[in-house]
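Whatever order the structure lists ligands and atoms in, that order sets their numbers, starting from 1.
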Amino acid sequence: MAGNWKMYKTVKESVDFVKQLDEKFKGIQDREIVVCPVSLSIPGVVDALRFSNIQVGSQDAHWENEGAYTGNVSPSMFKDIGIKYVILGHSEKRQYDAETDQRINRKLKNVLKNGLRAIVCVGETLAEREGGRTEKVIETQLTGCFEGIGLGDLTEIVIAYEPVWAIGTGKNATPEQANEVHVFIRKWIEAKYNQEAAGAIRIQYGGSVKPENVKQLMGQPDIDGALVGGAALKVDSFSAIVQF
Ligand code: PEP
């Protein structure tokens, strides 16, 4: 269960917030909990959570470990500070920062090379869904993002299915709609790798997950977790989601 904070919360707000989450989540062992603050807050958050069962992720990471890339942070730098996960290919990066599947693929390779885990986001827009192109779009994204990724790397990768039309809109995919795409993603993994890998890979749903719908979504056989935006910014809603 992962929270993507996007560009919300100052350093102080982030640290105060995770201290409250830590109190709520003490003793939870049967699920993984991840928070992904803005990069600036990560050192403070990692420090506040050093004895916690909550893990920390970043919202992006570069394909190189260092270089003349103004405004970026590399996986080796994140690793050094103590994070475990990196979100890649979020639809907001695709939409506003011209992120492409090819770049996501390069970033994914570098994340894995640095021993970090990736949450790779895929998802269709409303026009693509209404045009009957959902599966084609997901297939193209997966093909690009997973180019050259070996079977042995899959244990370090989580896929997040995030229909763009459901992100931050309050309009979630129905549990059945989401599950259908998760099944499609699993079949794609089975065709490229094998059945065992397809069964084992974690596929999160993301898009307006809330305390009110998390139980039905998580009740679907192929939904293994949630990537949560807006509802991850408040202690009550995120803890209700994590402990659904
Ligand atoms: C997200 O940012 O990944 C997300 C799913 O946002 P929200 O939960 O607000 O739709």
Side-chain angles (χ1 to χ4, degrees), residues 1-9 13-14 17-18 21 31-39 41-42 45 54-61 83-97 99 101 104 107-108 111 117-126 128-129 134 137-138 141-142 145 157-175 177-182 185 202-218 220 222-244:
M1 310 302 279
N4 168 23
W5 297 1
K6 313 190 187 210
M7 199 170 71
Y8 289 101
K9 296 190 188 295
E13 286 165 351
S14 303
F17 184 72
V18 292
L21 286 185
R31 60 204 66 193
E32 241 183 299
I33 308 163
V34 182
V35 292
C36 303
V38 296
S39 298
S41 300
I42 285 178
V45 166
I54 305 173
Q55 304 190 64
V56 185
S58 75
Q59 299 175 16
D60 190 34
I83 73 148
K84 293 282 177 325
Y85 280 92
V86 179
I87 298 174
L88 292 176
H90 191 279
S91 65
E92 286 150 16
K93 294 289 295 173
R94 291 176 185 263
Q95 188 181 349
Y96 303 121
D97 293 341
E99 190 68 301
D101 295 324
I104 297 163
K107 291 177 174 185
L108 176 59
V111 162
R117 289 182 164 177
I119 299 176
V120 178
C121 303
V122 295
E124 81 287 2
T125 62
L126 187 58
E128 288 162 347
R129 172 161 285 262
T134 298
V137 168
I138 303 289
Q141 291 174 338
L142 290 171
C145 294
I157 300 173
V158 174
I159 298 174
Y161 168 55
E162 298 210 307
V164 180
W165 49 273
I167 298 179
T169 58
K171 200 170 137 191
N172 62 288
T174 66
Q177 276 175 326
N179 198 66
E180 245 174 48
V181 180
H182 284 224
I185 293 170
R202 280 191 219 169
I203 309 177
Q204 295 176 311
Y205 167 76
S208 297
V209 175
K210 308 176 262 247
E212 303 82 58
N213 59 23
V214 64
K215 213 173 170 144
Q216 291 90 315
L217 287 161
M218 291 300 295
Q220 292 293 315
D222 285 281
I223 299 182
D224 305 317
L227 181 54
V228 187
L233 295 169
K234 296 223 163 67
V235 173
D236 286 351
S237 48
F238 191 53
S239 63
I241 288 169
V242 167
Q243 304 177 84
F244 67 92

Shortest protein contact, atom 8 (O) of ligand 1 (heavy atom only): Gly229 N, 2.8 Å
Candidates Val209, Ile119, Ile167, Val34 - the one meeting side-chain contact (heavy atoms from CB on, under 4.5 Å) with Leu227: Ile119
Per-residue contact class, Asn4 against ligand 1 - non-hydrogen pairs under 4.0 Å: side chain
Any N or O of Glu92 closer than 3.5 Å to N or O of ligand 1: no
Sub-4.0 Å heavy-atom contact, Ser208 with ligand 1: yes
Heavy atom of the protein closest to atom 1 (C) of ligand 1 (residue, atom name, distance): His90 NE2, 3.2 Å
Heteroatom distance test (Leu227, ligand 1): nitrogen or oxygen, under 3.5 angstrom: no
Pick from Ala226, Gly230, Ala232: the one approaching atom 9 (O) of ligand 1 most closely through a non-hydrogen atom: Gly230
Ala166 near ligand 1 by a heavy-atom separation under 4.0 Å: yes
Residue pair Val56 / Cys36, side-chain heavy-atom distance below 4.5 Å: no
Protein heavy atom at shortest distance from atom 5 (C) of ligand 1: Glu162 OE2, 3.1 Å
Numbered atoms of ligand 1 (with element) below 4.0 Å of Gly207, judged on heavy atoms: 5 (C), 10 (O)
Atoms in ligand 1 with a heavy atom of Gly168 nearer than 4.0 Å: 7 (P), 9 (O), 10 (O)
Residues forming a ring pair (Phe, Tyr, Trp, His ring centres under 6.0 Å) with Tyr85, sequence neighbours excluded: none
